[in-house]
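Here is the structure we will look at, set down as structure tokens.
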Amino acid sequence: MAVSMYADDWDGLSPRTTGWHRWGGDGTDGDDPGPGWEERLHPYVEDRGIYRCPACPGRIEFSYFLNTRWFYANWWGKQIRFSALRQPSAYVLMGDCSAEDLLPRPVGTAIRPWDSCDKDNMTYRCLLYEDTVHGNGSNVLFADGHVKFCTRYDPQTMTFAPNAMADWR
């Protein structure tokens, strides 16, 4: 709901993603300038706990990713324009982030000692289906608002691209 409200206020665009962001950071110590996408959504949710899956270890504060891979790979964009989505019920909007490279130690191998509040799949495959906090799958939020527990990528019902059925690549 927060993403939808944000898009309503920002001409149909998702929150912008960039690099590594520390919640409330000041752009120093590895923190990219500006707020992360979860900070941009915060006025619409107010409870910071919503960004953390209860199944995640306590050290992880931000456990979801925002899908921006196709836009980044094709136009170097960092936002989703919802009007560009041909199949919102198949478009992977967000999901459980299971990319070790984006999770802080001791759970993952992230280069920052703090937990980034801007996890996205621009350069990391965030949606994995084995050895996740949920066992053998991940929760996925699709652009039409429905959530599904997925144990694999299904090319018939899932897409990472706005205008075609396509995997993350």
Side-chain angles (χ1 to χ4, degrees), residues 1-7 9-10 13-73 76-80 91-143 145 147-151 153 158 160 167-169:
M1 287 176 43
V3 173
S4 180
M5 290 186 295
Y6 182 95
D9 288 345
W10 292 93
L13 292 171
S14 71
R16 182 175 178 78
T17 65
T18 54
W20 297 90
H21 289 277
R22 178 178 244 159
W23 187 277
D26 61 4
T28 62
D29 190 31
D31 174 42
D32 285 357
W37 67 262
E38 289 166 314
E39 286 177 288
R40 293 173 192 270
L41 288 180
H42 194 60
Y44 302 92
V45 296
E46 297 180 13
D47 181 3
R48 188 169 148 180
I50 198 166
Y51 303 123
R52 180 184 179 278
C53 174
C56 285
R59 178 144 163 74
I60 296 179
E61 295 180 80
F62 309 101
S63 61
Y64 302 111
F65 76 91
L66 179 65
N67 176 17
T68 57
R69 174 64 183 167
W70 190 88
F71 293 90
Y72 175 78
W76 294 92
K78 297 178 180 181
Q79 291 173 286
I80 299 159
Y91 184 79
V92 174
L93 179 60
M94 293 180 178
D96 290 321
C97 181
S98 43
E100 284 186 1
D101 293 343
L102 296 177
L103 300 172
R105 287 174 174 41
V107 177
T109 60
I111 60 174
R112 304 284 178 240
W114 36 267
D115 194 7
S116 177
C117 63
D118 195 72
K119 291 175 176 58
D120 58 63
N121 65 354
M122 287 193 294
T123 55
Y124 297 94
R125 184 180 283 275
C126 291
L127 186 56
L128 304 176
Y129 306 101
E130 296 177 4
D131 299 325
T132 68
V133 296
H134 299 292
N136 65 340
S138 294
N139 293 304
V140 177
L141 171 65
F142 293 87
V147 176
K148 180 179 176 185
F149 184 75
C150 299
T151 58
Y153 172 75
M158 298 171 75
F160 286 86
D167 197 354
W168 183 78
R169 293 175 205 64

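Reckoned from all heavy atoms, side chains included, excluding hydrogens, waters and symmetry mates.
- Relative ring orientation between Trp23 and Tyr51 is described as tilted, the plane-to-plane angle lying within the 30° to 60° band.
- Remark: Asp29 engages Arg22, Trp114 in a side chain to side chain contact (heavy atoms under 4.5 Å, CB included) (not counting sequence neighbours).
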key: Candidate pair Arg112 and Asp32, rule salt bridge (Lys or Arg N to Asp or Glu O under 4.0 Å), full reasoning   = CA-CA 12 Å; Arg112 304 284 178 240; Asp32 285 357; 5.7 Å; no
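- When all heavy atoms of Ile60 and Pro104 are compared, the closest pair comes out as CG1-CD, 4.2 Å.
- Here the side chain of Arg16 pairs no donor or acceptor atom with the backbone of Pro35 at under 3.5 angstrom.
- With respect to the salt-bridge test (charged N to carboxylate O, under 4.0 angstrom), the residues Asp9 and Arg40 do not qualify.
- Here Lys78 contributes atom NZ and Tyr72 contributes atom OH; the two are 7.0 Å apart, rounded to the nearest 0.5 Å.
- Taking Thr68 as the reference, Thr17, Leu66, Ile80, Asp120, Asn121, Met122 meet the side chain to side chain contact (heavy atoms under 4.5 Å, CB included) condition, with sequence neighbours excluded.
- Residues Val92 and Arg69 form no side-chain contact, since every pair of their non-hydrogen atoms from C-beta on lies 4.5 Å or further apart.
- Shortest non-hydrogen contact noted between Ala110 and Leu102 is CB-C, 4.0 Å.
- Checked against the 6.0 Å centroid criterion, the rings of Tyr153 and Trp168 do not qualify as a close aromatic pair.
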message = Quick one, Phe149 with Asn139, criterion side chain to side chain contact (heavy atoms under 4.5 Å, CB included). Give me CA distance, side-chain angles, the key distance, then yes/no.
response = CA-CA 4 Å; Phe149 184 75; Asn139 293 304; 3.5 Å; yes
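- The backbone N or O of Trp20 sits nowhere less than 3.5 Å from a side-chain atom of Asp118 that would complete a donor-acceptor pair.
- Scanning both residues, Ala99 and Tyr124, for their nearest heavy atoms gives CB-CB, 4.4 Å.
- To the nearest 0.5 Å, atoms CZ (Phe62) and OG (Ser116) are separated by 8.0 Å.
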ask   = Step by step, would you call Asn67 with Leu93 a side chain to side chain contact (heavy atoms under 4.5 Å, CB included)?
value = CA-CA 5 Å; Asn67 176 17; Leu93 179 60; 5.8 Å; no
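- Contact annotation: the side chain of Pro57 approaches that of Val133 to within less than 4.5 Å [non-hydrogen atoms, C-beta and beyond].
- Distance check: Cys56 SG to His134 NE2 gives 6.5 Å after rounding to the nearest 0.5 Å.
- For the atom pair OG (Ser63) and CD (Glu38), the distance works out to 8.0 Å, reported to the nearest 0.5 Å.
- Asp26 and Thr28 share a side-chain donor-acceptor pair at under 3.5 Å.
- The 12-atom threshold is not exceeded at CD1 of Ile50, counting heavy atoms of other residues, nucleotides or ligands nearer than 6.0 Å.
- Here the closest heavy-atom approach between residue Lys119 and residue Cys97 is recorded as CD-SG, 3.8 Å.
- Between the side chain of Ser98 and the backbone N or O of Leu128 there is at least one donor-acceptor pair closer than 3.5 Å.
- Between the Thr132 side chain and the Gly137 main chain, a donor and an acceptor come within less than 3.5 Å of each other.
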request  = Start with the C-alpha gap between Asp115 and Arg59, add the side-chain angles, then the distance that decides, and say whether side chain to side chain contact (heavy atoms under 4.5 Å, CB included) holds.
outcome  = CA-CA 8 Å; Asp115 194 7; Arg59 178 144 163 74; over 6 Å; no
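- In this structure the side chain of Met94 reaches within 4.5 angstrom of the side chain of Trp37, judged on heavy atoms.
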ask   = Would Glu100 and Asp131 satisfy side chain to side chain contact (heavy atoms under 4.5 Å, CB included), going step by step from the backbone distance to the final call?
value = CA-CA 11 Å; Glu100 284 186 1; Asp131 299 325; over 6 Å; no
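- When side chains are defined from C-beta on, Arg48 counts as touching Glu61, because their heavy atoms get closer than 4.5 Å.
- Taken to the nearest 0.5 Å, the CG atom of Asp96 stands 5.0 Å off from the SG atom of Cys53.
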